[in-house]
Amino acid sequence: MFMAKITKTRFAPSPTGIMHIGNLRSALYEYLIARSEGGKFLLRIEDTDRERYVEGAVEAIYRTLDVCGLHHDEGPDIGGPNGPYVQSERLHLYSEYADQLVASGHAYPCFCSVERLADMWEDEETEFIGYDRRCRDIDPAIAAHRVAAGEPHVIRQRMPLDGETTFSDEVYGVITVMNQELEDQILIKSDGYPTYNFANVIDDHLMEITHVVRGSEYLSSTPKYCILYDAFGWEIPTFVHLPLIVGEDGKKLSKRHGSTSFEELVKDGYLPEAIINMIAFLGWAPGGETREIFSLDELEKIFSAKGINKAPAVFAYDKLNWMNEQYIRRLPFEKWRAMVKEIADPLFDEKKYDVDTLAHVLRERVTKLSDIPEMIRFLTERLPYERELFFNKRAKLDADSASVILNELRPKLETVAVWDETTLSALLGQACEETGRKKGQVMGALRVALAAQRVTSGGATETAMILGREEALARLAAAIDYLKG
RNA sequence: GGCCCGUUGGUCAAGUGGUUAAGACACCGCCCUUUCAAGGCGGAGUCACGAGUUCAAUUCUCGUACGGGUCACCA
């Protein structure tokens, strides 16, 4: 009797720098495939390249996964049944398995120097594919002797010279390649570390990964991994290769497309939830569903590898902007208020202001957090007035009529008892009735007087609220003064 | 260059051997409105091309073009 194997995926980043959007999306899909099938998601650090190791990169990985809610079930920080989860701590395993392949004839030591290889690449004449296999046929006994004598070497995979290899990918379908196209790739480097090409197979098998999910750039090396699995007699996992994410010019996403790392986007003012939602829909869509706003919890329920596309997807900031707006509007008010406060406090410095109204006004207008300072600049500093600011065709307003209106308004506002929305609103409404003016005229004049800006976040009463009585009256006086002269 | 993969509006995309080929972003217009937004309503815009299979191809097959990936002691 067989137990259905539990789905297990892994996110296996190398600590070589920032958490790129492409990496994050791989992590997300890996997480979702596991969760959608009630399986496990694990984290493995692939630090076999000592030269590209970046200090702090591992911490950034933990941090990002955590704020995105992609919690793993096994990993370096929490352990698990198949540890260690850091490749540099698994070195002995790789060499054992490599020895096994050498013994079975599936691999061989290669003594070629990097210099010789470099020369070889320069030789345009030769039409060989990759390494010229010079060491492939050294007598095993002699090779073993040279290795024992301490001669520098790498271990290479002995590829079949004929036949073909076929595998099936969940996204790309059945793929077949001629074995003669495959290079005798390096499995163990001369420093004793495994290459990705070797370590991923060993670890995925040992860690019982059922679904190998990764970017489509690995598609062309997958046949080599299949041959490795076969050499060990291991079951080949399900492959799920993901389409690439490209920039708006169709080229691979890079710095010149703007912010492409998770942390940069957050710094730009995008909410992690919006970023996750955005990249979930890059190259994937739930069939027969037109909604596009999904929380991570909801994605876990509806995600299916079936909906993954093959074609590269363009990362569009327009759409991200929209998503972010949607998420901002759905935020619990208290949370949103706290975000606004954190940004606005230092800008208002010592000055008092009405955070609640500001947060309220900003909520429907902000695209990303980093827009806020510029949007509220007119509140934190007094901008210079210009007569034409008061001109509004529709309200039939101009500087002269504004001057009259503001003078009428001033005494009323100065004596208002309670400085709050309802009182101000009522007072202004009343003023319109008394003078027979249109509301748009009065409101418009006051709004510009308070803001010194044509386009503002919020209307006249809201601006008056945010500024507070003292500042609002001071600005009103300043406006009147300006219009007089 | 070899090999591999891809191609539904500007972008993300649903979908099918017979459909008026969904929806979203962006764009345009209107409404609402105390400005700007938000919101509501509406509009324009797509099956890369050429053969073949078929009563019928966007859908299946083969070519072409274009795009991408990969050919490291990087992952």
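Each chain gets a letter, A, B and so on, in the order its sequence line appears, and its residues count up from 1. Worth saying up front: this structure is predicted, and the values here are computed from it rather than measured.
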Whole-Å gap separating [atom2] ([N]) and [atom1] ([X]):
| X | N | atom1 | atom2 | result |
| --- | --- | --- | --- | --- |
| A/L282 | B/C25 | CG | C1' | 12 Å |
| A/E462 | B/U33 | CD | C1' | 12 Å |
| A/N197 | B/C71 | CG | P | 9 Å |
| A/Y53 | B/C74 | OH | P | 17 Å |
| A/I245 | B/G6 | CD1 | P | 19 Å |
| A/K310 | B/G6 | NZ | C1' | 9 Å |

**OP:** Indicate, with a heavy-atom threshold strictly under 4.0 Å, whether A/E46 touches base, sugar-phosphate, or nothing.
**Re:** sugar-phosphate

**OP:** With heavy atoms under 4.0 Å as the rule, sort A/Y218 into base, sugar-phosphate or nothing.
**Re:**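 Base, at least one base atom sits under 4.0 Å.
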
By nearest atom, which of the nucleotides [options] is closest to the [X] side chain?
| X | options | answer |
| --- | --- | --- |
| A/Y172 | B/C74, B/G69, B/C5 | B/C5 |
| A/S221 | B/A26, B/A75, B/C4 | B/A75 |
| A/R329 | B/U34, B/C5, B/A38 | B/A38 |
| A/V177 | B/A24, B/C3, B/U35 | B/C3 |
| A/A285 | B/U35, B/A13, B/G2 | B/A13 |
| A/N309 | B/A72, B/C36, B/A13 | B/A13 |
| A/E292 | B/A72, B/G23, B/G69 | B/G23 |
| A/V114 | B/C73, B/U11, B/A37 | B/C73 |
| A/I186 | B/C25, B/A72, B/A37 | B/A72 |
| A/A311 | B/G6, B/U34, B/C5 | B/G6 |

Under 3.5 Å donor-acceptor pair, [X] side-chain atoms to [N] base atoms:
| X | N | answer |
| --- | --- | --- |
| A/S190 | B/C73 | yes |
| A/E289 | B/G23 | no |
| A/K319 | B/A26 | no |

State the pairing partner of [N]; accept Watson-Crick or G-U wobble contacts with both distances under 3.5 Å, and report none otherwise.
| N | value |
| --- | --- |
| B/C3 | B/G69 |
| B/U61 | B/A51 |
| B/A14 | none |
| B/C36 | none |

**OP:** Output all residues satisfying ring pair (Phe, Tyr, Trp, His ring centres under 6.0 Å) with A/F262, sequence neighbours left out; order by chain, then residue number.
**Re:** none

NZ/NE/NH1/NH2 to OD/OE distance under 4.0 Å, [X] and [Y]:
| X | Y | value |
| --- | --- | --- |
| A/E298 | A/K301 | no |
| A/E408 | A/R437 | yes |
| A/D398 | A/R387 | no |

Subject >> Pairwise C1' distance for B/G15 and B/C73, with rounding to whole Å >> reply: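 Between the two C1' atoms, the distance is 48 Å.
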
Original post:
Given the C1' atoms of B/G45 and B/U8, what is the spacing between them in whole Å?
Top reply: 13 Å

Residues 439-452 of chain A side chain polar contacts: donor-acceptor under 3.5 Å, at least two apart:
residue : atom : partner : partner atom : Å
A/Q441  : NE2  : A/A395  : O            : 3.3
A/Q441  : NE2  : A/K396  : O            : 2.8
A/R447  : NH1  : A/R454  : O            : 2.9
A/R447  : NH1  : A/T456  : OG1          : 3.1
A/R447  : NH2  : A/R454  : O            : 3.4

Original post:
Hey, would you say the A/F315 and A/Y317 ring centroids sit under 6.0 Å apart?
Top reply: yes

